[in-house]
Amino acid sequence: QVQLVESGGGFVQAGGFLRLSCAASGRTFRNTPMGWVRQVPGKEREFVAAISWGGSLTSTADSVKGRFTVSRDNAKNTVYLQMNSLKPEDTAVYYCAAGIGVGVPNKLHEYVHWGQGTQVTVSS
């Protein structure tokens with residue numbers, strides 16, 4: 001079993017930035033690809049970014065490309081999402097997720113463990 005705990009969400013004005021963190025425990029983190037997914041109430045979950053187990057490969061959704069950066073520190077069992085130039089449409093609950101296999105999972109069915117989520121609200 002994998003436990004994932006997100007932190008770093010909050011309220012920010014458009015153009016601002018936030019850094020989300022996800023602390024993982026319960027499994028060999030350094031062998032696990034990780035990702036971030038977001039969800040707006042009433043809508044389906046949306047892939048945001050992912051990173052391979054070693055950190056050398058990343059994938060980012062077109063909607064956040066150039067503004068969001070995913071990274072990880074395997075020594076700290078933590079994955080990060082740096083969010084810059086935030087827009088009101090980035091408002092959502094952001095979930096950290098642990099994937100399976102190798103590579104960079106960018107499909108929701110490739111994730112098997114999920115955190116509880118952290119709210120990000122961007123005002124205009």
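Hydrophobic clustering (side-chain heavy atoms under 4.5 Å, transitive across Ile, Leu, Val, Met, Phe, Trp, Tyr) keeps Val37 apart from Val70. Hydrophobic clustering keeps Met34 apart from Phe47 (ILVMFWY residues linked when any side-chain heavy atoms are closer than 4.5 Å, directly or through intermediates). Phe29 and Leu81 end up in the same hydrophobic cluster when Ile, Leu, Val, Met, Phe, Trp and Tyr side chains are linked at under 4.5 Å. A single hydrophobic cluster is seen to contain both Val79 and Leu18, as judged by linkage of ILVMFWY side chains at heavy-atom distances under 4.5 Å, directly or through other members.
Atom OG in Ser59 sits 8.0 Å away from atom NZ in Lys107 (nearest 0.5 Å). The distance from the CD atom of Glu6 to the SG atom of Cys96 is 5.5 Å, given to the nearest 0.5 Å. One distance of note links CD of Gln39 with CD of Gln119; it measures 11.0 Å at 0.5 Å rounding. With rounding to the nearest 0.5 Å, the separation of CD in Glu46 from CH2 in Trp36 is 15.0 Å. Here the straight-line distance linking atom OG of Ser52 with atom CG of Asn31 works out to 11.5 Å at 0.5 Å rounding. A distance of 7.0 Å separates CZ in Phe17 from CD in Gln82, rounded to the nearest 0.5 Å.
Taking 4.5 Å as the limit, every side-chain heavy atom of Ser124 sits out of range of all side-chain heavy atoms of Gln13. Two residues are said to be in side-chain contact when any heavy atoms from C-beta on lie closer than 4.5 Å; Tyr80 and Asp73 meet this criterion. Contact of the Gln116 side chain with the Val5 side chain is not registered, since no non-hydrogen atoms from C-beta on lie closer than 4.5 Å. Taking 4.5 Å as the limit, every side-chain heavy atom of Tyr111 sits out of range of all side-chain heavy atoms of Pro33. Side-chain contact between Trp114 and Leu4: absent, with no pair of heavy atoms (C-beta onward) separated by less than 4.5 Å.
Residues Ala23 and Thr78 approach most closely at CA-OG1, 4.3 Å, considering heavy atoms.
Note that Arg72 lies outside the cation-pi zone of Trp53, set by a 6.0 Å cut-off to the ring centre and a 45° limit from the axis.
Residue Phe68 is tested with Asn84, Val48, Leu20 for a side-chain contact (heavy atoms from CB on, under 4.5 Å); the sole match is Val48.
For Lys76, the NZ atom sits in a loose shell: 12 or fewer heavy atoms of surrounding residues, nucleotides or ligands are nearer than 6.0 Å.
For residues 90-99, every residue pair satisfying the side-chain hydrogen bond (donor to acceptor under 3.5 Å, both in side chains) rule, not counting sequence neighbours, is listed here: Arg38-Asp90, Arg38-Tyr94, Arg67-Asp90.
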